[in-house]
Amino acid sequence: MKLVVVSAGLSVPSSTRLLADRLAAATGRYTSVDVQVVELRDLAVEIAHNFTSGFPGRALSAALEAVTEADGLIVVTPVFSASYSGLFKSFFDVLDQDALTGKPVLIAATGGSARHSLVLEHALRPLFAYLRAVVVPTAVYAASEDWGAEGLAERIDRAAGELGRLMEGLGSGTGAVRRADAADTAGAADKADASVAVDTDTAAAIAPRALDGALASADRFTVIPFEQQLAALRP
């Protein structure tokens, strides 16, 4: 699986990049991943040009494609003015609004004081919820005094474990859906000229397994009225 790490650190070396690398390494202990790092510092000029021209440069285009095709993301930003950095927000502003839908994301941040730790909950988590990503429960904040202190390694490991398991779970689900779709397509091809009918009794019998309101046939959907679904659930 492909894990993309987005780091918005500006300095070299960067505590933001250090935290990103430690999170990626910990995730690799829970699931097999190919890691690609996107350094936003190197894309700052192209991000600005994208706002004015509407077209991404070559490096920015590659980064946006990597994020879109990733099976999971780790995003790390330094804290500026009690929120994520402008560069961090700008990158996700130029990303397609549907690119993160259903994608597992681990959010993290670095700062000079533990007083800014709530940036994870009042800024980053709402941003990625708006982008319809699946944000792991544990977020990681590292203040200057956290490096080398107790607690940070445990938070990193817990968050990475959540991300790894989520990536595996969603990846398995996607594979199952694809296999089911392939089987349905093959069945539809074999019965291209056949008409499929679903009678009321059959529909009612299987309604508890089809509470989404539809029965899949070879080449169409038969809608089950909501009242009928409720009737099938009554003892």
Looking at [X], I want to see if its [atom1] is surrounded by more than 12 non-hydrogen atoms of other residues, nucleotides or ligands under 6.0 Å.
| X | atom1 | answer |
| --- | --- | --- |
| Phe55 | CZ | no |
| Glu150 | CD | no |
| Arg132 | CZ | yes |

Just verifying a value: how many Å separate [X] [atom1] and [Y] [atom2], rounded to the nearest 0.5 Å?
| X | Y | atom1 | atom2 | answer |
| --- | --- | --- | --- | --- |
| Arg17 | Arg41 | CZ | CZ | 8.0 Å |
| Thr138 | Leu163 | OG1 | CG | 11.0 Å |
| Leu100 | Tyr130 | CG | OH | 12.0 Å |
| Glu39 | Ser7 | CD | OG | 4.0 Å |
| Leu60 | His49 | CG | NE2 | 11.5 Å |
| His122 | Ser83 | NE2 | OG | 6.5 Å |

Report yes or no: does [X] contribute a side-chain atom to a donor-acceptor pair with the main-chain N or O of [Y] at less than 3.5 Å?
| X | Y | value |
| --- | --- | --- |
| Ser85 | Phe80 | no |
| Asp34 | Lys2 | no |
| Glu154 | Gly151 | yes |

Validation row: [X], [Y] side chains within 4.5 angstrom (heavy atoms):
| X | Y | value |
| --- | --- | --- |
| Leu19 | Trp147 | yes |
| Val5 | Val38 | no |
| Tyr84 | Leu124 | yes |
| Val67 | Phe91 | yes |
| Leu23 | Leu106 | yes |
| Ile47 | Leu87 | yes |
| Val94 | Leu64 | yes |
| Leu3 | Thr27 | yes |

Heavy-atom closest pair, residues Ala143 and Ser113 =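 Closest pair (atom of Ala143, atom of Ser113, distance): CB-C, 3.8 Å.
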
For Leu152 against Ala142, the heavy-atom pair lying closest together = CD1-CB, 4.1 Å

Count I, L, V, M, F, W, Y as connected when their side-chain heavy atoms are under 4.5 Å apart, and connections chain through other members. Are [X] and [Y] then in the same cluster?
| X | Y | value |
| --- | --- | --- |
| Val4 | Phe92 | yes |
| Val33 | Leu166 | yes |
| Ile156 | Val37 | yes |
| Leu18 | Leu40 | no |
| Leu120 | Val136 | no |

Kindly determine whether Ile107 and Phe128 satisfy side chain to side chain contact (heavy atoms under 4.5 Å, CB included), including the steps that lead there.
-> CA-CA 9 Å; Ile107 57 175; Phe128 289 96; 3.8 Å; yes

Leu131 vs Lys103, side chain to side chain contact (heavy atoms under 4.5 Å, CB included): CA-CA, chis, key distance, verdict | CA-CA 10 Å; Leu131 294 173; Lys103 197 180 300 295; over 6 Å; no

Is any NZ, NE, NH1 or NH2 atom of the basic residue among Arg155 and Asp146 found under 4.0 Å from an Asp or Glu carboxylate oxygen of the other?
-> yes

Hey, which of Leu127, Ile74, Val6, Leu73 is the one that makes side chain to side chain contact (heavy atoms under 4.5 Å, CB included) with Val105?
->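 Considering Leu127, Ile74, Val6, Leu73, a side chain to side chain contact (heavy atoms under 4.5 Å, CB included) with Val105 is found only for Leu73.
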
Among all residues two or more places apart in sequence or in another chain, which pass the salt bridge (charged side-chain N to carboxylate O under 4.0 Å, His left out) test with Arg29?
-> Asp157

